[in-house]
Amino acid sequence: MISYLQDARRARRCEEDSTETLSGDMLGSVVVGVGIAGSVRIRDLLAPLSSSAAEKLTVKGFVSRRTLPEQHGVKQISIEEALSRNDIQVAFVCTENSSHEEHIRQFLNAGKHVCVEYPMALSYSSAADLWDLAQQKGLVLHEEHIELFTPDYKQLKKDIAGKQLEEGSLHFTGGSLKPDFGFPSFSGIARLTWLVDLFGELTVREATLEEDEERKYMKLTAHFLTKDQKPLTWVEERSVGMGRAKHIHLRFDSCTLTELPAGQREPVGLFMQDLVLFGRKLLGEVPTEELQAERSRILHCLQLAENIQQFCRSTAA
């Protein structure tokens, strides 16, 4: 497994030749895919947060496999037009997970910056290649992780700061997903991101996947060790009609947490917060060290997801 340190060194070399600051003109954008996330992207681009980096972005059109009417006054265009137009410098990829890699590669090769919903690819090597391609071309590649902006997560991170983990678990439940969302460790990578962001680099010890196709039920269980050799367990459980919830059990040296804190609701929505962060990257306002740390975290999570998938396939064979 490539460590945070190794990947940070690799990223640092690439960052030296990375994106130029975009400061003057407005940046034309296209939204690819108009499901829930794509519709929110269009809405936020039309009404960006005042006095924020998001105001530098303007939406020029949307792309969809379906023939659709205007969305909030924004017209549909073809993928070919989106790739070739000089007034479109940015693409928001909001399609099903299985097509993320193809769309990212298309837009990067066309010289466009890309913001993509997680995960950017369904394998670690593909994601690393895409990031290298973006840096070779001097473009911003941003993977959305709105789960890090939720009030409960922000409060949890504050509450456990400075505490020594002894053992813990995160159990997520939710409705069933379509096959094009990818293997559960990739479709559920938001939970992996929580664990890595909270507790650092992890190692997969074992993983299993239970499935019942008739009931559209699945349960992924992955066991990790932290760098301090403390055990962590992640359970991702989905079925038709299953309620969406997160359950934690985190035992520290000084206390045990069994419920997520409520956190304070913020006036700015999650996708808007992510849009502002992406805009700041385009404007060169995010420190290099922060970019390197984010890249390392994202690639580490994708490597973990791939390792989990391999464990599950080996135990099922």
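The first residue in the sequence is number 1, and the count goes up from there.
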K.L.:
Closer than 4.0 angstrom, basic N to acidic O: yes or no for K75 and E81?
P.N.:
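No.
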K.L.:
Looking at K163 and D253, is there a salt bridge between them, counting it only when a charged N and a carboxylate O are closer than 4.0 Å?
P.N.:
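No.
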K.L.:
Any pair with a residue in residues 178-193 that passes salt bridge (charged side-chain N to carboxylate O under 4.0 Å, His left out), sequence neighbours left out, goes on the list, sorted by first then second residue, please.
P.N.:
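As it turns out, the salt bridge (charged side-chain N to carboxylate O under 4.0 Å, His left out) pairs with a partner in residues 178-193, which skip direct neighbours, are R191-E236.
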K.L.:
Quick one: CD1 on I42 to CZ on F92, what's the gap to the nearest 0.5 Å?
P.N.:
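The CZ atom of F92 is 10.5 Å from CD1 of I42, to the nearest 0.5 Å.
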K.L.:
Might you point out which heavy atoms bring L302 and A127 nearest each other, and give the distance in Å?
P.N.:
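Closest pair (atom of L302, atom of A127, distance): CD1-CB, 3.3 Å.
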K.L.:
Could you walk me through whether D228 and F199 satisfy the side chain to side chain contact (heavy atoms under 4.5 Å, CB included) test, starting with their C-alpha distance in whole Å, then the side-chain angles of each, then the deciding distance to 0.1 Å, before giving a yes or no?
P.N.:
CA-CA 10 Å; D228 294 328; F199 304 115; over 6 Å; no
K.L.:
Taking the side chain as every heavy atom from C-beta outward, state whether S29 and I88 have any atom pair closer than 4.5 Å.
P.N.:
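No. Closest side-chain heavy atoms not under 4.5 Å.
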K.L.:
Does either side chain, that of T233 or that of H223, offer a donor lying less than 3.5 Å from an acceptor on the other one?
P.N.:
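Present: a donor and an acceptor within the cut-off.
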K.L.:
How many angstroms lie between atom OG1 of T58 and atom CG of L27, to the nearest 0.5 angstrom?
P.N.:
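Here the rounded value is 9.5 Å.
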K.L.:
Inspect the contact between R41 and E144 and indicate whether a charged nitrogen and a carboxylate oxygen are less than 4.0 angstrom apart.
P.N.:
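Salt bridge between E144 and R41, a charged N being under 4.0 Å from a carboxylate O: no.
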K.L.:
So, the side chain of E101 versus the backbone of S98: is there a donor-acceptor pair under 3.5 Å, distance only?
P.N.:
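Side chain of E101 to backbone of S98: no pair is present.
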K.L.:
Kindly give the heavy-atom pair with the smallest separation between E166 and P231, and that separation in Å.
P.N.:
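Residues E166 and P231, closest heavy atoms: O-CD, 3.3 Å.
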K.L.:
Do E211 and K219 meet the salt-bridge criterion of a basic N to acidic O distance under 4.0 Å?
P.N.:
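No salt bridge links K219 with E211.
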K.L.:
Going by atom types alone, do Q292 and R297 pair a side-chain donor with an acceptor below 3.5 Å?
P.N.:
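No.
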K.L.:
Can you tell me how the ring of Y153 sits relative to the ring of W194, calling it parallel under 30°, perpendicular over 60° and tilted otherwise?
P.N.:
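Y153 and W194: tilted rings.
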K.L.:
What class does the angle between the rings of H171 and H247 fall in, given that below 30° is parallel, 30 to 60° is tilted and above 60° is perpendicular?
P.N.:
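Aromatic pair H171/H247 classed perpendicular.
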K.L.:
For a quick test of reading the model, state the closest non-hydrogen atom pair linking G61 to V74 and the distance between them.
P.N.:
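For G61 and V74, the tightest heavy-atom pair comes out as CA-CG1, 3.5 Å.
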K.L.:
Does a side-chain N-to-carboxylate-O contact under 4.0 Å join R295 and D132?
P.N.:
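Looking at R295 and D132, the cut-off is met.
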K.L.:
Is there a side chain to side chain contact (heavy atoms under 4.5 Å, CB included) between V59 and L46? Walk through the geometry before answering.
P.N.:
CA-CA 7 Å; V59 61; L46 289 171; 3.6 Å; yes
K.L.:
We want to know whether D197 and H145 form a side-chain donor-acceptor pair, criterion being a heavy-atom distance below 3.5 angstrom.
P.N.:
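D197 vs H145: no donor-acceptor pair found between side chains.
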K.L.:
For H142 and D274, run side chain to side chain contact (heavy atoms under 4.5 Å, CB included): C-alpha distance rounded to whole Å, both residues' side-chain angles, the deciding distance at 0.1 Å, then the answer.
P.N.:
CA-CA 10 Å; H142 170 78; D274 182 72; 2.8 Å; yes
K.L.:
Give a yes or no on whether a salt bridge exists between K281 and E285, defined as a side-chain N under 4.0 angstrom from a carboxylate O.
P.N.:
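The answer is no: the pair does not qualify as a salt bridge.
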K.L.:
Under the rule for side chain to side chain contact (heavy atoms under 4.5 Å, CB included), what residues qualify as partners of R215, not counting sequence neighbours?
P.N.:
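Here the qualifying residues are D212, Y217.
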K.L.:
Work out which heavy atom in R85 is nearest to a heavy atom in I77; give both atom names and the distance.
P.N.:
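Looks like NH1-CG2, 4.1 Å.
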K.L.:
So, do T193 and E147 sit near enough that their side-chain heavy atoms are less than 4.5 Å apart?
P.N.:
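The answer is yes, as the side chains (C-beta and beyond) meet within the 4.5 Å cut-off.
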K.L.:
Decide whether E102 and H100 meet the rule of one side-chain donor and one side-chain acceptor closer than 3.5 Å.
P.N.:
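E102 vs H100: no donor-acceptor pair found between side chains.
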